[in-house]
Amino acid sequence: MNPIFALADCNNFYASCERVFAPALENQPIVVLSNNDGCVVARSNEAKTLGIPIGVPVFQVQNLIQTHQIRVYSSNYTLYGDMSRRVMETLCQFTPALEIYSIDEAFLDLTGCRGQDLAGYGRTIRNTVKKWTGIPVSIGIGRTKTLAKLANRLAKKSAKAAGVLDLTDSPHLPLALENTEIQDIWGVGPGFAKRLRQAGIQTALQLRDADDGWVRKHLGVVGLRTVYELRGMSCYGLELSPTDKKNIVVSKSFGRKIETLEELSEAVAAYAARAAEKLRRQNSAAAALTVFAMTDLFRKDQSRYFNSRTIELPTPTSDTGELIRYALEAARKIYRKNCLFKKAGVMLNALTSADHIQANLFDTIDRPRSRRLMDTLDRINASTAAALHYAAEGLAQPWKTRFQHRSAHYTTDWSQLPQVKTHTACLWHTGPSYDKITKLPINRRETEK
DNA sequence: TCTGGGGTCCTAGGACCC
DNA sequence: TCTGGGGTCCTAGGACCC
């Protein structure tokens with residue numbers, strides 16, 4: 001049976017999350033910044049209209065921001081992660097099979113709705129998500145994931161579609177393909193787009209009708225799959241259970257430049273600890289670890305330096321203390337005096353299942369004890385966020401990533417719940433909950449504003 | 001002054017083996 | 001002058017995604 005896919009994609013997700021908790025910003029321009037408040041990674045429609053490009057370094061649009069009073073937020077991944085969970089749980093109600101594709105996107109299996117009013121169903125989904133979570137989503141429906149993506153893009157752009165577009169067996173499909181430029185197709189990046197344009201292929205319709213042999217030769221099997229998908233032949237099914245990561249990376253720019261080995265070591269230890277947490281979450285162990293560090297590669301006036309060191313571990317491990325020890329050894333090797341380090345990272349490679357570790361004859365570590373220790377550490381940190389750290393991570397962490405415009409953790413921290421102002425007259429009817437409400441800690445940020 | 005972070009898959013070529 | 005062939009594994013680099 002030919003499948004039917006829907007792609008639900010949250011509109012301007014990060015900006016929309018901020019807006020849910022600051023309703024006064026409805027219709028106001030908003031941007032959300034990357035780590036370290038560096039680049040613009042999300043924009044409300046109003047900010048897009050004002051000409052703020054995606055990915056632009058924020059200092060380059062400082063004028064626009066001031067002129068138009070654009071509200072600026074740092075990334076608040078705790079909030080976005082929790083809002084994402086709510087959206088996904090809502091979407092689950094509408095399909096037997098959901099693939100969470102990214103923090104703000106999910107594919108739904110609508111094969112069972114064949115012959116029904118798919119667009120109407122899409123509108124129901126859209127309205128429900130908005131009502132239950134406050135987040136606006138757009139729905140694109142098609143015979144393949146690529147076509148669902150394409151439909152979604154047009155659903156967002158077209159005023160007539162109003163957020164929902166069904167291109168399944170639609171008479172409008174050829175026109176939709178013609179109106180989509182190649183670089184806007186899922187699976188066509190800048191490299192493929194350049195090659196296609198050189199061959200005179202400009203639109204999705206032209207790519208759909210391109211010669212298979214030519215595509216195979218110039219874009220490989222990946223490109224050919226995209227062409228098949230445009231023709232309505234599904235090459236990518238739903239991936240229902242997330243597969244274990246094959247590599248785990250933690251890397252971040254520093255809030256300020258690092259010069260000493262001590263500070264670099266602190267940062268590398270902290271990144272190794274985060275990587276180890278991710279590793280244990282999928283019950284894996286790493287057999288190799290890479291540390292890299294670099295200066296600011298954008299700066300032409302300072303000496304530039306990049307180095308990395310990989311260490312093969314004698315026995316695969318997921319023990320934070322052990323991984324930190326190896327990471328620090330690598331950090332010492334790549335550290336160089338008189339360099340202003342801007343960024344570092346820890347990569348865990350050659351991952352295997354923690355349940356089937358090949359023991360090493362000369363291993364001196366008590367593995368069962370290490371596992372119990374890590375279990376306890378993870379449990380404590382899960383109940384009280386980041387309660388326990390290794391001393392090597394440092395306490396003050398002056399190099400830590402900056403988030404100067406971060407909103408509160410409205411949905412995940414009791415002390416940061418949004419405050420609702422109301423009249424006593426209204427509370428009269430609420431009975432016993434009155435005390436509960438007034439005793440809730442007041443969000444300091446809100447009262448200071 | 002200020003420029004993110006974290007992944008996947010595919011392919012070509014070299015090393016190595018029988 | 002003649003100098004095998006085929007297979008696997010690994011790695012680096014390039015493409016893509018959010």
Side-chain angles (χ1 to χ4, degrees), chain A residues 7-10 12-14 31-42 53-63 65 72-77 80-81 84 99-107 145-146 149 152-153 182-196 215-226 229 235-236 239 242-257 271 274-275 278-279 282 287-288 290 292 294-302 304 308 310 312 340 342-351 401-405:
Chain A
L7 175 69
D9 190 331
C10 301
N12 317 325
F13 182 55
Y14 295 174
V31 295
V32 180
L33 307 182
S34 63
N35 276 355
N36 249 338
D37 297 337
C39 297
V40 172
V41 291
I54 188 75
V56 71
V58 69
F59 71 89
Q60 287 178 11
V61 287
Q62 210 51 256
N63 275 346
I65 288 173
V72 176
Y73 287 93
S74 303
S75 291
N76 185 344
Y77 294 112
Y80 309 152
S84 171
E99 175 188 340
I100 298 175
Y101 179 68
S102 72
I103 194 168
D104 68 335
E105 280 174 78
F107 286 104
K145 283 181 161 182
T146 303
K149 270 269 190 187
N152 189 289
R153 198 177 150 276
I182 42 170
Q183 70 270 15
D184 296 325
I185 301 168
W186 188 51
V188 177
F192 284 6
K194 193 173 165 202
R195 277 175 240 175
L196 287 167
V215 174
R216 176 69 181 84
K217 185 169 172 219
H218 292 94
L219 308 182
V221 293
V222 180
L224 194 55
R225 277 184 206 138
T226 296
E229 285 245 321
C235 300
Y236 302 105
E239 286 171 27
T243 48
D244 285 346
K245 305 267 180 274
K246 294 168 183 170
N247 305 290
I248 287 172
V249 180
V250 173
S251 88
K252 285 178 184 57
S253 314
F254 305 128
R256 69 155 166 74
K257 304 266 166 61
Y271 295 175
R274 298 295 83 70
K278 290 189 191 181
L279 189 64
Q282 64 170 43
T290 302
F292 65 87
M294 62 179 88
T295 58
D296 189 344
L297 301 180
F298 288 101
R299 292 286 293 260
K300 307 275 193 267
D301 55 331
Q302 293 173 354
R304 286 187 277 177
S308 74
T310 298
E312 314 262 339
L340 291 172
K342 175 68 183 157
K343 181 178 179 176
V346 173
M347 282 187 260
L348 302 179
N349 306 312
L351 307 189
T401 312
R402 281 190 310 263
F403 296 95
Q404 286 177 348
H405 313 280

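For clarity, every value in this text was computed on a predicted model and none was experimentally measured. Order of the sequence lines fixes the chain letters, A, B, ..., with proteins taken first and strands second; residue numbering starts at 1 for each chain.
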Check your understanding: Between A:V32 and A:S74, what is the shortest heavy-atom contact and its length?
Key -> CG1-O, 4.0 Å

Revision key, fill the gap. Regarding the side chain of A:F298, the nearest nucleotide among B:dT3, B:dT8, B:dG6 is B:dT3

Review point. Once you round it to whole Å, what is the distance between P of B:dG6 and CG of A:L351?
Key: 15 Å

Review point. C:dC17 C1' sits how many Å from A:I103 CD1, rounded?
Key: 15 Å

Revision key, fill the gap. Residue pair A:D37/A:K246 against DNA chain B: nearer the 5' end by closest nucleotide is A:D37

Check your understanding: Over how many whole Å does the gap from A:F192 atom CZ to B:dC9 atom P extend?
Key -> 15 Å

Exercise for review: Mind listing the closest non-hydrogen atom pair of A:T401 and A:N36 along with its distance?
Suggested key: CG2-N, 3.2 Å

Check your understanding: What pair of heavy atoms forms the shortest contact from A:K245 to A:Q282, and how long is it?
Key -> N-OE1, 2.7 Å

Review point. Taking all atoms of both residues into account, what is the closest heavy-atom pair of A:D37 and A:Q404, and its distance?
Key: OD2-N, 2.8 Å

Check your understanding: Looking for any heavy atom pair under 4.0 Å, which part of the strands does A:K257 touch: base, sugar-phosphate only, or nothing?
Key -> sugar-phosphate

Review point. Distance between the P atoms of C:dC18 and B:dT3, in whole angstroms?
Key: 25 Å

Review point. Closest approach of A:S251 and A:G345, non-hydrogen atoms and distance?
Key: CB-CA, 3.6 Å

Point to revise | Where A:S75 and A:V41 come nearest, the two heavy atoms and their spacing | key: OG-CG2, 4.4 Å

Review point. What nucleic acid atoms does A:N35 come within less than 4.0 Å of, heavy atoms only: base, sugar-phosphate, or nothing?
Key: sugar-phosphate

Revision key, fill the gap. Readout for nucleotides 10-15 of chain B: B = base within 4.0 Å of protein heavy atom, S = sugar-phosphate only, - = neither; 5' to 3' it is SS----

Review point. Any side-chain heavy atom of A:E105 sitting closer than 4.5 Å to one from A:L7?
Key: yes

Point to revise | Nearest-nucleotide pick for A:S253, side chain only, options being C:dC17, B:dG4, B:dG7 | key: B:dG4

**Study point:** Value rounded to 0.5 Å, distance of NZ in A:K145 from CD in A:E239
**Key:** 5.5 Å

Check your understanding: Counting heavy atoms not belonging to A:Q183, are there more than 12 under 6.0 Å from its CD?
Key -> yes

Review point. Among the nucleotides B:dG4, C:dC18, B:dG6, which one has an atom lying closest to any side-chain atom of A:S102?
Key: C:dC18

Practice item. Whole angstrom is fine here: how far is it from CG in A:L297 over to P in B:dG5? Key: 12 Å

Practice item. Check every strand shown and say whether A:K342 touches a base, only sugar-phosphate, or nothing at a heavy-atom separation below 4.0 Å. Key: sugar-phosphate

Practice item. Just call it for A:N247: base, sugar-phosphate, or nothing, with non-hydrogen atoms closer than 4.0 Å on any strand. Key: sugar-phosphate

Practice item. Would you indicate, yes or no, if C:dC16 has its OP1 or OP2 atom less than 4.0 angstrom from a side-chain nitrogen or oxygen of A:K149? Key: no

Check your understanding: What is the nucleic acid contact for A:L224, judged by heavy atoms within less than 4.0 Å: base, sugar-phosphate only, or nothing?
Key -> nothing

Point to revise | Phosphate OP1/OP2 of C:dC17 contacted by A:K145 side-chain N/O (<4.0 Å) | key: no

Practice item. Can you tell me the distance, in whole Å, between the CG atom of A:L219 and the C1' atom of C:dC16? Key: 12 Å

Review point. Rounding to a whole Å, what distance do you find between A:L7:CG and C:dC18:P?
Key: 9 Å

Review point. Does a nitrogen or oxygen in the side chain of A:S251 sit under 4.0 Å from OP1 or OP2 of B:dG6?
Key: yes

Check your understanding: What is the nucleic acid contact for A:V58, judged by heavy atoms within less than 4.0 Å: base, sugar-phosphate only, or nothing?
Key -> nothing

Study note, to complete from the structure: Across all chains, not counting sequence neighbours, the side-chain hydrogen bond (donor to acceptor under 3.5 Å, both in side chains) partners of A:D296 are none

Revision key, fill the gap. Taking pairs as Watson-Crick (N1-N3 plus N6-O4 or O6-N4) or G-U wobble (N1-O2 and O6-N3), each distance under 3.5 Å, the stems of three or more consecutive pairs with DNA chain B are B:5-18 with C:5-18

Exercise for review: Would you indicate what A:R256 reaches in the nucleic acid, counting non-hydrogen atoms under 4.0 angstrom: base, sugar-phosphate, or nothing?
Suggested key: nothing

Practice item. With heavy atoms under 4.0 Å as the rule, sort A:L33 into base, sugar-phosphate or nothing. Key: nothing

Practice item. Provide, to the nearest angstrom, the distance between the CZ atom belonging to A:R274 and the P atom belonging to B:dG6. Key: 12 Å

Exercise for review: Assign the ring pair A:W186 / A:Y101 to parallel, tilted or perpendicular, where the plane angle (0 to 90°) is split at 30° and 60°.
Suggested key: perpendicular

Review point. Taking C-beta and beyond as the side chain, do A:R153 and A:D184 meet within less than 4.5 Å on heavy atoms?
Key: yes

Check your understanding: Looking for any heavy atom pair under 4.0 Å, which part of the strands does A:E105 touch: base, sugar-phosphate only, or nothing?
Key -> sugar-phosphate

Revision key, fill the gap. Rounded to whole Å, the OH-C1' distance (A:Y236 to C:dC16) equals 9 Å

Study note, to complete from the structure: 5'-most contact on DNA chain B (nearest-nucleotide basis), A:F59 vs A:V249, goes to A:F59

Exercise for review: Select base, sugar-phosphate, or nothing to describe what A:R299 touches, counting heavy atoms under 4.0 Å on all strands.
Suggested key: sugar-phosphate

Check your understanding: A:K343 side chain: which of B:dG5, C:dC18, B:dG7 is closest?
Key -> B:dG5

